[in-house]
Structure formats: structure tokens, C-alpha cells
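Here is the structure we will look at.
For the numbers below, each heavy atom of this structure counts, side chains included, while hydrogens, waters and symmetry mates do not.
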Amino acid sequence: MKIKQFVKQEMVLCVAAVLAVLSMFFVPPDAAYIGYIDLRTLAILFSLMTVMAGLRRQGVFDRLGRTLLAQTGSTLQLALVLVGLCFFGSMVITNDVSLLTFVPFTFVVLSGLAPDARRALTVPVVCMQTIAANLGSMLTPIGNPQNLYLYGKSGMSIAAFISLMLPYTVVSLLLLVLWAGALCRGQASACSCAHLQQPDAAADRKIVLLDAALFVVCLLAVIRVLPYGVAFAAVLLCTLFADRSTLRCVDYSLLLTFVAFFIFIGNLGRVQAFSDWLQAILTGREVPVAVLASQVTSNVPAALLLSGFTDKTSALIIGTNLGGLGTLIASMASLISYRQIARELPEEKGRYFKLFTLSNLVFLAILLVEWWGLQ
């Protein structure tokens with residue numbers, strides 16, 4: 001039963017591990033395996049996840065959200081803030097952390113509205129928060145795991161990365177604002193968030209300041225000012241001595257998934273027939289292939305797999321970011337919101353899934369048209 005539950009919860013990791021093991025039958029383990037592993041990506045990813053987990057445990061993001069919502073006075077402002085927290089927050093704290101923090105927070109916020117307004121707003125707002133987190137995170141190298149990996153692989157500057165994704169981010173923001181206006185049309189114009197109170201537990205100021213400083217260290221490693229090993233050591237040692245419990249909150253399964261895919265991709269690259277076949281499919285079609293691959297494998301595995309067979313990393317960055325839209329598994333972060341809906345409003349699962357799928361396809365179609373126009 002425990003094994004079945006683990007496989008269900010960590011499906012991507014299990015699939016990656018199986019693929020890695022199967023690939024070993026075609027390419028037996030040897031010294032070249034060491035070269036498969038991208039230590040820079042793993043070290044920075046661990047460091048960022050640890051820092052974000054520490055800040056989240058101290059309630060930093062929750063307090064920020066409550067402070068912003070205290071300034072809202074209308075349903076439209078409320079929707080814009082809730083969705084905006086995920087959109088802009090994901091650029092810095094990643095799409096996963098953004099949804100883990102602000103979706104449960106949304107249920108608390110909307111529980112203070114009248115029953116009709118609460119029912120009308122909850123599913124659409126959570127749906128758009130999910131889309132917003134996946135779209136906002138595409139602007140920065142630290143917004144999601146595949147960006148961090150592809151950014152490191154590409155060697156491009158952070159300014160070049162942001163410039164590459166900025167047109168899609170701007171259009172995404174405009175679409176989200178238009179959606180919020182359409183949703184709130186016909187809703188009561190006035191609302192109050194006076195029922196929201198700041199958390200009773202006070203944040204440990206020293207831990208918050210330490211994590212903030214460590215976050216700066218991580219950013220310096222991302223932009224290649226500091227060696228990634230320095231950032232990794234600083235985060236690990238400081239957390240061990242000052243906030244050890246935070247290390248339990250790190251998503252180690254994601255790190256192991258990366259390792260398994262590195263092995264799988266490295267071995268596939270040494271199978272000449274497969275390598276030639278995949279390169280032939282990818283050549284000139286990097287963006288659409290990345291979008292389609294993301295729909296069935298999710299965008300992180302798609303980025304890891306395809307990056308081994310093309311040097312058009314910029315196209316993969318666009319394709320895997322846009323590919324986070326579409327199916328429920330196109331971005332694994334989307335499952336966070338779905339699980340929250342299933343737990344809080346089980347009777348609304350079907351409605352949420354339909355709205356999520358339709359909205360994602362509309363956003364994806366518009367952004368693909370934009371990509372086509374920019375070619």
C-alpha cells in the first residue's frame with residue numbers, strides 16, 4: 001500500500017527512474033555517466049528550494065498577500081490581487097511555491113464573501129491563479145526548474161533570457177486582466193477583506209533576514225557572479241545551523257527526477273539511431289515539438305529530454321514555457337491547485353477541470369499565434 005501511494009504521489013520520479021534503469025541495458029554504466037549530471041543545476045535548484053521553503057515557513061509570502069488584500073475594496077481588485085500574487089510571485093519564488101502559498105490562502109480569503117459570490121469566484125480564480133503562476137514564472141531563469149536548467153545550458157545573460165520571454169509575459173498579463181474584468185462583470189462591486197488577520201505566530205526576524213541574504217547569494221550564482229558551489233555550501237551550512245527543520249521541506253524528489261533524466265538522456269545520446277531520429281524530428285520544429293512533448297510528459301522532463309538533441313536552447317525555452325499550458329500535467333505545478341480543489345471543493349472537480357482545460361487551450365493558442373508572428 002505504501003509503495004502504491006508513493007508511486008501515485010511521485011509518478012514523474014518513478015517513470016524517470018524506470019527509464020534511467022532501462023537505458024542502462026543499452027549503455028552499461030561507465031565513467032561517462034559522471035558527465036551526464038549537471039551539478040550546477042542541481043546545486044542552485046536545491047539552494048533556491050531551501051531558501052524559499054524557509055521564507056514560506058516563516059509566513060513571509062502569506063503576510064505579503066494579506067497586506068495587499070487589505071487595500072482592496074472591490075471584487076475586481078480582489079481577483080486581480082489574488083491572481084497577481086501568483087503571476088508576479090512566481091517570477092521570484094517559483095510557480096510551485098507560489099501556488100502552494102496563495103491557493104490555500106485564496107480559500108481563506110473567499111470564505112468571507114457571500115455564498116453566491118464565493119461559489120462564482122472560487123473555481124475561476126484558482127484556475128486563473130494556476131495559469132498565472134505558470135505564465136509569470138516563464139519570465140525569469142528562477143521561475144521554474146526547466147528555466148533554471150535551460151538558462152544554465154544556454155550560457156545566455158539574464159537580460160537576454162528576460163528579453164526572450166518578455167513579449168509572451170506582457171501578452172499573458174493583458175489576457176489575465178481581461179479575464180478578471182470579464183469574471184467580475186455582474187458581481188457585486190464592493191467587497192471587504194476585513195475578516196483577514198495576520199497570522200498569530202510571529203516570524204523569526206533573524207531567519208527571515210538570513211534567508212533573504214541567502215536568496216541574494218543564490219541570485220549571484222544564477223547570474224554567474226559567484227560559483228554555484230559557494231551558494232550551495234552557504235545555503236546548506238547556514239540552514240543546518242540556523243533552521244534545520246527547513247531541510248525537511250525541500251522537494252528532494254524533484255532533484256532525484258533530474259538525476260534520473262540526466263542518466264536517461266545521456267544514455268539515449270549514445271544510441272546513435274535514436275539520437276539521429278530525434279534530431280531529425282526536432283530540427284526546425286523545436287517550439288511545437290516542445291509544446292507537444294510537454295502535454296504528455298510535463299515541461300520539465302520535456303526540457304531535459306529535448307535539450308540533449310538540439311542546440312536551439314532559446315527555442316526550447318519558449319516551447320517548454322508555453323507548453324506548461326494545455327493539459328493538467330503539462331506543468332506539474334498545476335496539480336497543486338487541482339489537489340486543493342479536490343480537497344476543499346470535491347463536488348467542483350469536474351467544473352474546475354473543464355474550465356482549466358478550456359482556459360489553458362485558449363491561452364496557449366493565443367501565445368502560439370504570437371510566437372508565429374514573432375518569427
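- Residues meeting the ring pair (Phe, Tyr, Trp, His ring centres under 6.0 Å) test with F356, sequence neighbours left out: Y352.
- More than 12 heavy atoms of other residues, nucleotides or ligands lie within 6.0 Å of CZ in R270, so this atom counts as buried by the packing criterion.
- For OH of Y252, the number of neighbouring non-hydrogen atoms (other residues, nucleotides, ligands) closer than 6.0 Å is greater than 12.
- Taking CG of L305 as the reference point, atom CG of L268 lies at 7.0 Å (rounded to 0.5 Å).
- When all heavy atoms are compared, the tightest approach of A17 to A260 is N-CB, 3.9 Å.
- L39 and I142 fall within the same hydrophobic cluster, where Ile, Leu, Val, Met, Phe, Trp and Tyr residues are linked whenever their side-chain heavy atoms come under 4.5 Å apart, directly or through other members.
- Residue V296 is not grouped with residue L335 when hydrophobic side chains (ILVMFWY) are merged at heavy-atom distances under 4.5 angstrom, including chains of intermediate members.
- A 4.5 Å side-chain heavy-atom check between L48 and I44 finds at least one atom pair inside the cut-off.
- At a cut-off of 3.5 Å, with distance as the only test, no side-chain donor of S154 or T313 sits close to an acceptor on the other residue.
- Heavy-atom neighbours of L374 CG from other residues, nucleotides or ligands within 6.0 Å: above the threshold of 12.
- Within the structure, ring pair (Phe, Tyr, Trp, His ring centres under 6.0 Å) pairs that include any residue of residues 265-307 comprise F274-W277, F274-F309 (at least two apart or interchain).
- With rounding to the nearest 0.5 angstrom, the CG atom of D311 is 8.0 Å from the CD atom of E286.
- Ring planes of F258 and Y149: perpendicular class, angle over 60° (limits at 30 and 60°).
- Looking only at distances, no side-chain donor or acceptor of E370 sits under 3.5 Å from a matching main-chain atom of I366.
- L361 and L367 fall into different hydrophobic clusters, where Ile, Leu, Val, Met, Phe, Trp and Tyr residues are linked whenever their side-chain heavy atoms come under 4.5 Å apart, directly or through other members.
- Taking both residues in full, the closest heavy atoms of A180 and L80 are given as CB-CD2, 3.6 Å, listed atom of the first, atom of the second, then distance.
- Sorted by first and then second residue, the ring pair (Phe, Tyr, Trp, His ring centres under 6.0 Å) pairs involving residues 64-85 (not counting sequence neighbours) form an empty list.
- Taking both residues in full, the closest heavy atoms of G54 and D243 are given as CA-OD2, 4.2 Å, listed atom of the first, atom of the second, then distance.
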Just list the side-chain donor-acceptor pairs under 3.5 Å for residues 100-110, sequence neighbours left out, or say none.
| residue | atom | partner | partner atom | Å |
| --- | --- | --- | --- | --- |
| T101 | OG1 | R56 | NE | 3.1 |
| T101 | OG1 | V97 | O | 2.8 |
| T106 | OG1 | F102 | O | 2.7 |
| T106 | OG1 | Q129 | OE1 | 3.0 |
| T106 | OG1 | Q129 | NE2 | 2.7 |

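- For S172 against M138, the heavy-atom pair with the smallest separation is OG-CE, 3.4 Å.
- Y338 pairs by the side chain to side chain donor-acceptor pair (under 3.5 Å) definition with nothing, not counting sequence neighbours.
- In terms of modelled atom types and a separation under 3.5 Å, the side chain of S23 and the main chain of A20 share a donor-acceptor contact.
- Partners of D38 under the side chain to side chain donor-acceptor pair (under 3.5 Å) rule, at least two apart in sequence or in another chain, are T41.
- Taking the side chain as every heavy atom from C-beta outward, F261 and S307 never approach each other to under 4.5 Å.
- The side-chain heavy atoms of W179 and I131, taken from C-beta on, include no pair separated by under 4.5 Å.
- Put simply, SG on C218 and CE on M52 are 7.5 Å apart, with the number rounded to the nearest 0.5 Å.
- Atoms OG1 and CG, from T310 and L278 in turn, are 9.0 Å apart once rounded to the nearest 0.5 Å.
- Taking the side chain as every heavy atom from C-beta outward, V259 and I37 approach each other to under 4.5 Å.
- No single ILVMFWY cluster, assembled from side-chain heavy atoms under 4.5 Å apart, contains both I207 and L64.
- Side chain of S90 to backbone of N95: no donor-acceptor contact under 3.5 angstrom is found.
- Residue pairs meeting the ring pair (Phe, Tyr, Trp, His ring centres under 6.0 Å) criterion with at least one member in residues 55-97, sequence neighbours excluded, do not occur.
- Checking side-chain atoms of Q295 against main-chain N and O of V291 turns up a donor-acceptor pair under 3.5 Å.
- Taken together through direct or relayed side-chain contacts under 4.5 Å among Ile, Leu, Val, Met, Phe, Trp and Tyr, V230 and L220 form parts of separate hydrophobic clusters.
- Every pair tested for ring pair (Phe, Tyr, Trp, His ring centres under 6.0 Å) that includes a residue from residues 117-144 fails, sequence neighbours excluded, so the list is empty.
- Of all the heavy atoms in T283 and Q279, the pair that sits closest is OG1-O, 2.6 Å.
- Considering only residues two or more places apart in sequence or on other chains, T257 meets the side chain to side chain donor-acceptor pair (under 3.5 Å) condition with none of them.
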Side chain to side chain contact (heavy atoms under 4.5 Å, CB included) for T357 and L328? Distances and angles first, verdict last. CA-CA 7 Å; T357 303; L328 190 60; over 6 Å; no
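- Nearest heavy-atom pair across L176 and A132 is CD1-CB, 3.8 Å.
- Qualifying side chain to side chain donor-acceptor pair (under 3.5 Å) partners for S253, counting only residues two or more places apart in sequence or in other chains: E10, D251.
- Residues R40 and P227 have side chains not in contact (no heavy-atom distance under 4.5 Å, counting atoms from C-beta outward).
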Between side-chain atoms of residues 318-326 and protein atoms elsewhere (two or more places apart, or another chain), which donor-acceptor pairs fall under 3.5 Å?
| residue | atom | partner | partner atom | Å |
| --- | --- | --- | --- | --- |
| T320 | OG1 | L316 | O | 2.6 |
| N321 | OD1 | N144 | ND2 | 3.3 |
| N321 | ND2 | N147 | OD1 | 2.8 |
| N321 | ND2 | I317 | O | 2.7 |

Test V125 against L183 for side chain to side chain contact (heavy atoms under 4.5 Å, CB included), laying out the working first. CA-CA 9 Å; V125 167; L183 174 67; 4.0 Å; yes
Step-by-step side chain to side chain contact (heavy atoms under 4.5 Å, CB included) determination, L209 to K206: CA-CA 5 Å; L209 291 175; K206 292 181 180 179; 5.9 Å; no
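- Using a 4.5 Å cut-off on side-chain heavy atoms (C-beta onward), M49 and L255 make contact.
- Put simply, the side chain of Y33 reaches to within 4.5 Å of the side chain of N267, judged on heavy atoms.
- Under a 4.0 Å N-O distance rule, the pair D211/R57 does not qualify as a salt bridge.
- Put simply, the residue from I93, T246, L214, V60 that forms a side-chain contact (heavy atoms from CB on, under 4.5 Å) with L55 is V60.
- Applying the ring pair (Phe, Tyr, Trp, His ring centres under 6.0 Å) test to F232 and every residue at least two apart in sequence or in another chain returns F46.
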How far apart are the C-alpha atoms of L247 and L240, what are their side-chain angles, what is the distance that settles it, and do they pass the side chain to side chain contact (heavy atoms under 4.5 Å, CB included) test? CA-CA 8 Å; L247 291 173; L240 271 174; 3.6 Å; yes
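- Residues Y151 and I158 have side chains in contact (heavy-atom distance under 4.5 Å, counting atoms from C-beta outward).
- Of the possible donor and acceptor atoms, one in the side chain of S47 sits under 3.5 Å from a partner among the backbone N and O of A43.
- Shown here is F353, whose CZ atom has no more than 12 heavy atoms of other residues, nucleotides or ligands within 6.0 Å.
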